[in-house]
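Following: one structure in structure tokens, then a few remarks.
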Amino acid sequence: ACGDDSDAAGDSGPVTLRLGYFPNITHAPAVVGVEKGIFKEKLGGDVTLETKTFNAGPAAIEAVFSGALDATYIGPNPTVNAFSKSKGEAVRVVSGAASGGVALVVKPGITSAEQLRGKKIATPQLGNTQDVALRYWLKEKGLETTKEGGGDVKVVPQENAQTVETFASGAIDGAWVPEPFVSRLVNAGGTVLVDERDLWPDKKFVITNLLVSTKFLKAHPDVVKKLVEGQVAANEFVNTKPDEAQQAISDHIGKITGKPLDTKLIKQAWPTLEFTNDPIASSLKTGLDHAVAVGLTQPVDLDGLYDLKYLNEVLKAQGKPEVTQP
Amino acid sequence: MASDTLAGSARTDAEISGLDALEIAGREKPPSRAIRLWAATWPKFAALALAVAIWQAVVWSGWKEPWALPGPAVVFEDLGRYALSASLWEGLATTGRRALVGFAAAVAVGLLLGLGVARVKVLRAALGSMITALQTMPSIAWFPLAILLFQLSEQAIFFVVVLGAAPSVANGVIHGVDYVPPLLVRAGRNLGARGLNLYRYVIAPAALPAIVAGLKQGWAFAWRSLMAGELLVVIAERTSIGAQLTYARDFSDAPRLMAIMIVILVLGLLVDTAFGAADKAIRRRWGVLDQAGN
Amino acid sequence: MASDTLAGSARTDAEISGLDALEIAGREKPPSRAIRLWAATWPKFAALALAVAIWQAVVWSGWKEPWALPGPAVVFEDLGRYALSASLWEGLATTGRRALVGFAAAVAVGLLLGLGVARVKVLRAALGSMITALQTMPSIAWFPLAILLFQLSEQAIFFVVVLGAAPSVANGVIHGVDYVPPLLVRAGRNLGARGLNLYRYVIAPAALPAIVAGLKQGWAFAWRSLMAGELLVVIAERTSIGAQLTYARDFSDAPRLMAIMIVILVLGLLVDTAFGAADKAIRRRWGVLDQAGN
Amino acid sequence: MTSTTTTPRSATGSVALRGVTKVYGQGEQAVLALDGLSLDVAPGEFVCLVGASGCGKSTLLNLVAGLDRVSGGTIELGEGVNPGLMFQEPALFPWSTVESNVEVPLKLRGLPRDQRKERVAELLRTVHLSEFGRKRPHQLSGGMRQRVALARTLALDTPVLLMDEPFGALDAMTRDILHDELERIWSERKLTVLFVTHNVREAARLADRIVLLSSRPGRIIYSTRVDVPRPRRIDSPEVSAIAAEVTDRLRKEVGRHGQ
Amino acid sequence: MTSTTTTPRSATGSVALRGVTKVYGQGEQAVLALDGLSLDVAPGEFVCLVGASGCGKSTLLNLVAGLDRVSGGTIELGEGVNPGLMFQEPALFPWSTVESNVEVPLKLRGLPRDQRKERVAELLRTVHLSEFGRKRPHQLSGGMRQRVALARTLALDTPVLLMDEPFGALDAMTRDILHDELERIWSERKLTVLFVTHNVREAARLADRIVLLSSRPGRIIYSTRVDVPRPRRIDSPEVSAIAAEVTDRLRKEVGRHGQ
Ligand SMILES: Nc1ncnc2c1ncn2[C@@H]1O[C@H](COP(=O)(O)OP(=O)(O)OP(=O)(O)O)[C@@H](O)[C@H]1O
Ligand SMILES: Nc1ncnc2c1ncn2[C@@H]1O[C@H](COP(=O)(O)OP(=O)(O)OP(=O)(O)O)[C@@H](O)[C@H]1O
Ligand SMILES: [Mg+2]
Ligand SMILES: [Mg+2]
């Protein structure tokens with residue numbers, strides 16, 4: 001494992017950075033950064049970049065835990081799980097990547113929370129951000145839910161792919177899901193009842209952030225800084241040349257899945273997402289509070305999760321506004 | 001102790017190789033029931049102790065961080081908590097019921113399919129190879145169809161379980177029927193067994209060992225399909241082992257994951273014990289028990 | 001055509017039940033190779049045509065929206081596009097290589113494990129029941145361990161495949177060895193076969209049918225484990241059938257999903273044909289071929 | 001190979017073979033086991049088949065029992081007759097006890113349970129295995145298995161019995177006893193018996209007629225009536241004389257073939 | 001059950017049984033098959049065992065061959081002697097051709113390929129099955145299978161041969177021929193033979209000594225030397241006389257048992 005072989009915090013010698021991400025629209029900066037060679041360029045000749053793609057968070061976290069991965073783009077839930085399960089030791093968030101892109105899509109005809117009474121609403125996974133967001137929102141609207149799926153509104157956690165199938169077949173009445181599933185449900189005849197951005201201050205909440213293993217961060221802070229540079233540059237690219245970025249995403253997904261993703265779908269989902277370097281730490285914290293409020297988790301201490309020093313150095317050097325370190 | 005031919009003759013001793021010695025040792029009559037029980041039990045405990053010891057040693061070596069690879073103490077502590085919680089027992093109840101119903105359905109389908117394919121030429125030509133092909137289809141490929149057909153009901157889970165396990169059972173039946181000694185089939189026919197009676201009196205009992213083997217493989221397929229299928233439908237207020245397994249992984253909860261793995265292993269052991277007893281009974285009847293040395 | 005005893009005697013005709021008639025029909029010598037080939041082929045095509053026809057009928061009935069259940073035309077069109085694209089062939093190459101290597105490893109492990117457990121009493125007592133228990137462990141439970149042990153390399157995938165398939169192979173071996181007729185073992189021993197030679201000349205060939213059956217089940221387990229394991233990690237933009245299957249589902253791409261299912265079925269059919277040929281060769285040698293009617 | 005289709009005859013217990021030919025395998029591998037064999041067995045007749053090893057005796061019985069198809073010629077049996085065949089090997093069901101093995105044909109005939117039990121006990125007594133009813137085949141000696149097979153075949157209660165070396169694995173005494181039993185049953189039930197044996201004295205002891213088959217391909221080369229009055233004794237001079245004559249013929253045949 | 005441990009003797013080919021007891025099963029199910037049987041076979045001796053069906057003859061051979069454990073007593077064989085056993089059933093390997101079946105013991109002795117082929121051909125000639133080398137067991141007749149088993153046992157080339165009704169399924173002529181062959185091989189190679197048969201004439205034709213076993217449990221009740229000079233003929237008056245005497249004894253034994 002290359003991550004462990006240079007324990008001395010030296011910056012010399014060849015280093016391999018093993019980076020994980022999902023071939024997915026919410027991971028656009030990662031996909032574009034890899035596809036367009038932005039990371040390679042920023043990391044320079046001394047650092048070899050190895051990329052791995054994942055289908056779901058747990059495997060990525062397992063890889064980080066086992067030392068098979070040095071950094072990964074990942075959603076807020078696995079981030080919290082990795083941090084809390086390792087008692088705050090294993091991982092650090094060094095940058096944000098994306099915000100937004102989540103909505104409650106329901107069958108046409110449902111126009112208010114009250115109409116959801118007795119209905120079945122899907123979420124990606126019990127206790128994940130979307131699940132919590134749905135339950136908290138319902139609670140605020142005075143609708144009870146239970147962890148086991150009972151209550152006024154029946155919450156059914158299931159894989160997103162399956163949500164599309166069950167929504168299409170009429171087995172569920174709606175779903176609180178991230179992109180690109182929002183767009184896909186809309187295409188399957190759904191209407192957006194709640195755009196989650198509307199529930200957050202500044203319409204911002206984290207959907208993807210960049211995580212590095214603490215070990216790697218300690219051993220190669222310089223490499224992490226270069227990685228963050230790459231992330232910032234990738235976001236720059238994504239935000240300034242959306243068409244090219246969308247094409248790159250489509251091509252990249254095509255390489256892995258054997259079929260390029262329809263750019264129409266990407267275009268449709270694009271406006272709901274915001275690609276920002278700010279990890280929006282407050283939204284993660286708030287989300288956790290909500291989870292505690294709806295009785296899904298015990299309080300978790302997130303102190304020390306964020307290490308935004310490098311991000312702020314990079315932003316400062318580029319004359320961009322820094323983000324607040326919580 | 002009785003002396004014997006082999007011990008009494010030097011040449012044999014010299015020629016006996018390691019494995020042979022074990023085989024012959026196995027053939028000796030055990031002096032008592034207690035010793036027999038002990039002989040059957042201690043290797044299990046030894047194996048278990050060895051496995052736990054190696055595990056503990058690896059953990060102590062500091063090879064991986066404790067959150068990546070928790071030690072036995074942590075896992076067994078979590079297992080204890082898990083065993084005291086309602087979720088294990090409720091999960092077991094739900095999953096166990098589904099496993100039994102699904103497996104029963106799979107066995108029914110598999111037996112019929114297997115018998116049909118094994119003895120009816122046209123069916124064999126048409127479906128024979130399809131059975132293994134179906135067997136290789138991963139459960140998730142059936143999920144969309146399951147949902148189309150059964151929506152979010154338990155039937156969807158059973159559908160996946162049956163599609164996973166029935167081919168295995170059918171293959172066991174076909175294999176068994178294919179290798180029924182022709183002499184016994186002839187004997188049965190001559191004794192007046194035709195059609196269904198031939199199955200009942202000759203083919204089924206002759207194929208029984210292979211059918212039991214097929215059932216065992218089918219159980220494994222059924223259980224694995226169930227573990228996947230239980231994610232398909234998380235029915236209101238009903239927790240299940242399959243869902244708990246995935247949640248443990250989703251939450252990166254290594255101790256709980258390993259606790260559930262232990263539960264699955266224990267269940268597997270229990271089921272195997274049942275199959276093993278059935279198989280042993282058959283082998284005793286057929287007179288092929290002694291040779292294997294137990 | 002030759003007349004025969006059964007046709008020549010009215011009593012038998014009257015007594016023959018439906019199934020029996022088919023069996024007897026099967027025993028008649030086919031007049032030529034062409035007709036034999038035709039007899040083996042038409043039921044397959046008939047079954048295929050029937051399946052496609054039912055599918056088309058369901059689609060035409062408008063039971064489900066076309067994007068939920070696409071019709072044969074759409075799927076076959078997509079299959080054509082898929083077959084012309086590089087991704088199918090690259091995926092097949094990657095997955096096929098993994099399947100072969102993983103299966104080979106599983107067979108090696110399974111055979112050794114099976115032989116050891118079948119013949120060494122202590123091992124059987126210690127590990128016998130564990131084999132089925134391991135078999136029931138779903139692949140996803142092994143993923144964390146696979147990553148711990150092998151990081152994100154292909155070995156992690158092989159690990160999952162071997163853990164999935166080896167128990168199945170081992171169970172086949174154990175079953176085969178358990179049912180070797182004791183008379184043949186005695187004959188072998190008396191002819192001077194001890195230790196390894198006894199395996200080589202008696203036990204292995206006698207258990208071969210059951211071992212082949214175990215290998216077939218093992219292949220199904222290996223393939224399913226592989227389909228799951230390929231999601232574990234996608235190495236350096238390398239596409240694979242398993243990844244394509246899951247992504248097709250993730251993207252709700254029903255036609256592509258069904259196209260991949262067809263590819264998997266065809267692969268399964270090919271593999272089964274190979275196993276079937278091996279089995280038929282064995283049955284011909286053993287003289288148990290005729291009875292099954294093909 | 002010529003062949004004709006025929007209609008069943010009415011005489012129960014009669015067996016008629018017309019130009020029966022049997023070829024095993026195909027092409028170069030083909031073995032001509034029987035070549036145009038014709039044989040008429042009258043109802044109630046006891047015919048012993050004698051012939052060299054591999055000359056087609058078992059093949060013939062299998063064909064008459066309807067377990068194999070003739071390659072040419074026809075075999076006619078009385079209407080509704082299902083001949084009982086005692087195979088050359090015991091062919092017992094290894095998964096059942098001795099009792100259950102003998103019970104199978106009774107069950108298949110739908111006999112009620114108590115009648116079955118009674119009949120099984122009676123048959124096991126006939127073959128002197130009453131104490132072994134609850135044993136399994138693998139716990140028996142070779143000769144015992146053969147006797148169980150005999151009991152099972154007798155349980156069929158058919159008018160035509162085909163027996164393939166039924167007493168080959170038995171000692172002389174047990175065999176003598178079973179000869180008497182078989183003769184008794186045969187005459188009581190007026191059975192037609194086709195009996196294969198290598199023991200020429202046995203043939204002379206039991207048969208109305210002895211038929212000698214030639215070596216591959218099997219054809220009838222000699223046939224003789226045994227006119228010794230019953231009851232006969234296997235070591236009586238008359239039986240010995242007949243046996244000597246048949247042995248002589250057999251010797252000539254095998255000798256001819258050997259050259 | 002008493003038992004003693006013994007040291008191997010030196011005389012190759014000798015077989016010595018001392019108070020051999022064999023019990024099958026346990027508890028109530030137990031069957032006493034042999035009860036304190038003692039028998040000495042000198043090197044080069046041809047001993048025939050005769051006894052009623054189920055009296056323990058096959059059991060005895062299995063014990064001598066080391067395939068089963070005695071329940072009491074000891075069996076001593078010459079140093080390094082591995083007796084060849086021809087089972088009551090052919091026990092051929094169904095997956096191999098006739099040739100390969102016969103070749104197995106030669107392979108296991110590590111004979112080079114061309115010597116093996118030669119020896120197999122010679123053995124198949126001995127049992128008159130040269131044309132059937134490439135067939136599989138299921139394509140043979142019962143008697144043919146038995147002859148293949150004989151060839152395979154002879155291929156073992158051991159000084160002690162145990163034969164369990166080796167010619168039971170053969171016609172008289174083939175049997176005569178094989179008697180001659182066996183006698184030739186026996187005298188050429190100075191074999192020790194323990195030969196189970198139900199055919200008392202066969203015993204008188206072949207044996208130096210005939211041993212009669214009682215019915216369950218098996219014990220030796222009678223033993224006689226056959227002093228007829230070789231070569232003998234099976235239908236010679238001397239052989240017949242001995243056979244008659246043994247039959248008489250056997251009859252008495254079975255009769256006694258029957259009461
Ligand atoms: N299934 C088969 N396939 C090929 N050849 C066969 C088959 N069955 C029998 N034969 C051949 O047919 C011939 C006659 O065999 P059959 O068993 O009828 O002889 P048999 O007269 O009963 O001999 P035996 O007295 O030795 O039992 C033999 O040459 C044998 O090799
Ligand atoms: N495996 C076994 N389990 C229980 N009993 C057995 C077993 N094998 C043999 N016996 C019993 O031991 C006795 C002797 O059997 P054995 O086979 O030695 O007889 P045999 O003298 O060879 O008879 P035959 O002439 O009929 O072959 C019989 O009563 C038989 O039932
Ligand atoms: Mg025969
Ligand atoms: Mg015997």
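Below, read A as the first sequence line, B as the second, and so on, with proteins coming before strands; counting in each chain starts at 1.
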Would you confirm whether B:Q217, through its side chain, and C:S168, through its main-chain N or O, come within 3.5 Å as a donor-acceptor pair? yes

What residues of residues 206-214 of chain B sit under 4.5 Å from chain C when only non-hydrogen atoms are counted? B:P209, B:A210, B:A213

Bottom line for C:L134: the part with an atom under 4.5 Å from chain B's heavy atoms is both

Please flag which part of B:A141 lies under 4.5 Å from any non-hydrogen atom of chain C: side chain, backbone, both or neither. both

Parallel, tilted or perpendicular, as decided by the 30° and 60° cut-offs, for the rings of B:Y179 and C:W286: perpendicular

Check each atom of B:L149 against the heavy atoms of chain C and say whether the ones under 4.5 Å are side chain, backbone, both or neither. both

Proximal component of B:L257, with respect to chain C [non-hydrogen, under 4.5 Å]: side chain

To check you understand the geometry: which heavy-atom pair defines the closest contact between C:P43 and B:A125, and what is its length? CG-CB, 3.5 Å

Only pairs of heavy atoms separated by less than 4.5 Å count here; which of B:D279, B:L123, B:I260 has the most with chain C? B:D279

Find the one option among C:T136, C:L145, C:I264 whose heavy-atom pairs under 4.5 Å with chain B are most numerous. C:T136

Which distance, rounded to the nearest 0.5 Å, do you find between the CZ of B:R249 and the CD1 of C:I140? 6.0 Å

Please determine, among C:G164, C:A228, C:G276, the option with the most heavy-atom pairs under 4.5 Å with chain B. C:G164

Quick check: does any side chain N or O of C:R224 sit under 3.5 Å from a backbone N or O of B:M137, one acting as donor and the other as acceptor? yes

Do B:K216 side-chain atoms and C:T132 backbone N/O form a donor-acceptor pair below 3.5 Å? no

Please identify, among C:P167, C:A254, C:A47, C:P138, the residue contributing the most non-hydrogen atom pairs under 4.5 Å to chain B. C:P138

Where does B:F221 contact chain C at under 4.5 Å (heavy atoms): side chain, backbone, both or neither? both

Which one wins on heavy-atom pair count under 4.5 Å against chain B: C:M258, C:H175, C:M130? C:H175

Between CG on residue C:N171 and CG on residue B:D272, distance to nearest 0.5 Å: 7.0 Å

Under a 4.5 Å heavy-atom cut-off, does chain C meet the side chain of B:M261, its backbone, both or neither? both

